[in-house]
Each structure stands twice: as C-alpha cells, then as structure tokens.
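Notes for the one structure printed next.
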Protein chains: 2
Amino acid sequence: MKRNSRLSSTLHILVHMAEKPEQALTSEQLATFIHTNPVVVRRTIAGLRDAGIVTSSRGHGGGWLLGRAPEKISLAEISVALGETLLPFSTEPESPGCLVEQAVIAVLDDFRIAAERLLAEKLRSITLADLTADFRRRFDLIGVSSHAV
Amino acid sequence: MKRNSRLSSTLHILVHMAEKPEQALTSEQLATFIHTNPVVVRRTIAGLRDAGIVTSSRGHGGGWLLGRAPEKISLAEISVALGETLLPFSTEPESPGCLVEQAVIAVLDDFRIAAERLLAEKLRSITLADLTADFRRRFDLIGVSSHAV
DNA sequence: TCAATCGTAACTAAGTAAGTTACATGAAAC
DNA sequence: GTTTCATGTAACTTACTTAGTTACGATTGA
C-alpha cells in the first residue's frame with residue numbers, strides 16, 4: 001500500500017466486502033486486494049470497526065463484515081474513521097505573539113473551516129453503494145464486450 | 001519551520017514584505033520571521049519568484065520584494081507556486097486491471113476534481129491585501145488597548 | 001485440544017521534508 | 001579591481017512519519 005492511499009485502499013476493501021455481504025473476509029484476504037499484509041489491514045481499518053462501519057470476529061470462520069448496508073455508509077464517515085485530514089496544511093502557531101502570524105492563521109483557519117464543511121458535505125453524499133454500483137457497471141460492460149468478441 | 005506549514009510560513013513572509021514595500025528583505029531576515037534558516041527560505045519561495053509573485057536581487061542591498069501589488073496576489077497563486085496539493089489523498093492505481101479499484105478511483109477522482117475546483121475558487125478570492133488588512137486591524141487594536149492601559 | 005483468526009505491541013525499513021554546509025555567481029561599494 | 005554582501009543551488013544530514021514485519025496473547029469454532 002502506497003503512502004497517502006489509505007482512503008482509496010480502504011474503499012477498495014469495502015467494495016469487496018459489499019460484494020460478498022454474507023461472507024466474512026479475513027485480514028489475509030483483504031490484504032491481498034491492496035497488496036499489503038494482514039497487520040496493516042487490521043491497523044488501518046480498526047477505526048472503521050470502532051465507528052461501526054465494519055465488524056470483526058475472531059477464531060475459526062472469523063473475519064470482517066460490513067456493519068450496515070452500503071447505502072448507509074458514506075465516504076465522510078469512512079474518512080473520519082480513518083483519521084484522515086481533508087486539508088493538508090497546518091495552521092499551528094510557531095511564533096506566539098506575532099500579530100502577522102495571528103492574521104495569517106485567522107484567515108487560513110476561516111478558509112479551512114469553510115473548505116472542510118464543503119468537502120464533508122460532498123463526501124456525505126457519496127455512499128459505498130455508489131461505489132459498488134459503479135463497479136457493477138464496469139463489470140457488466142466488460143461482460144458485454146468480451147461476449148461480443 | 002514545521003512540516004506542512006509551508007503555506008502559512010510563506011504567507012507570514014509575504015505579509016512582512018507587503019508591510020515594507022520599498023525595502024528589499026534578505027533571506028536572513030525572512031528566515032528569522034519563521035524561525036528557520038536562509039537556505040530553507042530561498043528554496044521555499046523560489047517557486048514564487050518563477051511565478052512573478054516576488055522578485056529577488058543579488059549582491060549588496062539585494063534581497064526580496066513583492067513582484068506586484070498585494071491586491072493582485074491571491075492565495076491560489078501562492079499555493080500553486082509552492083507546489084502544494086490541495087487534497088492529501090492519492091488516487092494512483094496500485095492494481096491495474098482491478099475493476100473494483102477502477103471504480104473507486106473513478107469516484108474519488110470525480111470528487112477530487114470538484115473539490116479542487118471549489119477550493120481553488122475560494123483561494124482565488126483571498127488576496128495578500130486581505131491578510132495585511134487583517135494584520136493592521138489587529139495592530140491597531142493592540143495600539144488602542146495598550147493606550148487605554 | 002487444535003487450528004484459525006483477530007488485537008496489538010515492538011521493532012525495522014523506506015520515504016519525505018527540513019536543516020545545514022559549502023561554494024559558485026552576481027552586484028554594489030570602495 | 002577587490003572586497004563585501006547577497007542569492008542560487010547542490011549535496012549531505014537529521015528528524016519524522018508511515019508502511020511493513022515479527023511475535024505473541026486472546027478468542028472462537030471444529
């Protein structure tokens with residue numbers, strides 16, 4: 001798994017889980033999807049379990065399942081559960097007392113708050129079901145084209 | 001200078017430059033504002049020079065000046081000139097050929113494009129002049145309050 | 001009881017960005 | 001023209017972050 005690809009890797013995993021709703025998938029299986037190893041998977045999606053997006057069970061036949069229907073899982077929740085930040089820049093003071101810095105941070109924080117609200121809104125409107133629908137569309141297309149050939 | 005604070009540090013520097021429009025400031029001076037060293041400053045704002053946001057001159061009396069009026073310098077330009085990314089997640093394929101990944105990336109890229117457009121729009125509407133205005137407001141407030149005490 | 005599976009701590013490796021040193025280049029002052 | 005002050009930039013070092021790995025305990029079903 002590459003750096004900065006935690007969101008897309010996790011979505012990848014979740015779509016696979018959505019496609020096998022009744023079958024618990026092991027960390028091992030999930031890891032192969034995103035070319036990494038089981039411990040990294042567990043660590044990465046541990047937050048999703050805490051958020052109820054997935055459930056895990058131990059022992060024989062154990063593994064991971066979606067915690068609720070794909071329609072009820074938004075990218076916003078997933079992003080938060082992963083602990084991802086939506087904006088990559090910091091606004092922490094480094095020169096307390098400097099009025100120039102205070103002005104910069106104030107303006108930047110206003111921007112950040114407005115921007116994060118906008119992004120979160122957009123992410124709330126996209127669900128895991130949208131992703132699986134897109135996947136199935138692609139899958140059917142391939143089916144048709146390979147049938148034609 | 002902390003990690004991920006290139007944007008705010010650069011803005012800090014630019015406001016100082018805007019406050020002394022006719023005086024070339026050296027990398028050394030700029031470095032003290034953001035608690036780092038001159039080479040880091042040069043490296044960081046080299047892109048701003050290429051973009052015409054600042055100019056630099058060498059030799060005795062040399063240093064850095066704004067390339068144009070603060071009203072004509074937007075945060076969007078600055079962000080681009082710094083080479084900053086607006087969104088922190090990657091959507092590069094890691095499993096070429098996997099339809100699930102393709103669906104995830106397609107949806108995520110749609111989101112990214114829309115989000116970047118929105119953010120860029122917001123950043124275009126904020127200029128360096130807005131930052132200096134905010135700074136002066138704070139400066140005057142302090143002046144009044146310390147006068148009152 | 002055994003095998004499969006997650007949970008998690010501890011360590012290693014790789015990548016990124018800031019910090020530092022060194023020196024070449026250019027411009028002004030004398 | 002020589003000296004001084006400044007940027008430009010390459011090369012290296014250091015610090016930090018995060019993925020990868022190993023190890024092992026806890027839990028569950030056969």
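Every chain is numbered from 1, with letters handed out A, B, ... down the list of sequences. Note that these values count all heavy atoms, side chains included, but never hydrogens, waters or copies made by symmetry. Bear in mind that the values here come from a model prediction, so they are computed numbers and not experimental data.
B/N4 places its CG atom 9 Å from the P atom of C/dA17, with the value rounded to the nearest Å. What separates CG of B/N37 from P of D/dT9 is a distance of 16 Å, to the nearest Å. As a whole-Å value, the separation of B/R58 CZ from C/dT25 P is 9 Å. In this structure, CZ of A/R42 is placed 5 Å from C1' of C/dC6, rounded to the nearest angstrom. In this structure, CE of B/M17 is placed 11 Å from P of D/dT7, rounded to the nearest angstrom. The interatomic distance linking B/I45 (CD1) with D/dA6 (C1') rounds to 13 Å, in whole Å. Atom CG of A/L25 and atom C1' of C/dA4 are 15 Å apart (whole Å). Summarising the geometry, the separation between NE2 on A/H60 and P on C/dC2 is reported as 16 Å, rounded to the nearest angstrom.
A donor-acceptor pair shorter than 3.5 Å cannot be found between the side chains of B/E92 and A/S5. For the 3.5 Å distance criterion, the side chains of B/W64 and B/T26 fail to qualify, holding no donor opposite an acceptor.
Counting non-hydrogen atoms under 4.0 angstrom, B/R43 reaches a base of the nucleic acid. Contact annotation for A/S57: backbone-only contact, meaning every heavy-atom pair under 4.0 Å involves sugar-phosphate atoms and none involves a base.
Within a 6.0 Å sphere centred on NZ of B/K122, heavy atoms belonging to other residues, nucleotides or ligands number 12 at most.
Positionally, the nearest nucleotide of DNA chain D for A/R3 lies more toward the 5' end than for the other of A/G59 and A/R3. A residue-by-residue look at B/G61 and B/A46 shows that B/G61 has its nearest nucleotide of DNA chain D further toward the 5' end.
Considering only the side chain of A/V40, D/dT21 comes nearest among C/dT20, D/dT21, C/dC6. Distances from the side chain of A/S27 to the nucleotides C/dC6, C/dT21, D/dA19 place C/dC6 closest. Distances were taken from every side-chain heavy atom of A/M1 (C-beta onward) to each of C/dA18, D/dA19, D/dA23; the shortest belongs to D/dA19.
Taking the ring axis of B/F89 as reference, the NZ or CZ atom of A/R6 does not stay both within 45° of it and closer than 6.0 Å to the ring centre.
Taking a cutoff of 4.0 Å between a charged side-chain nitrogen and a carboxylate oxygen, A/R136 and A/E19 qualify as a salt bridge.
Applying the 4.0 Å criterion to OP1 and OP2 of D/dG20, one finds that A/T36 has a side-chain N or O inside that range.
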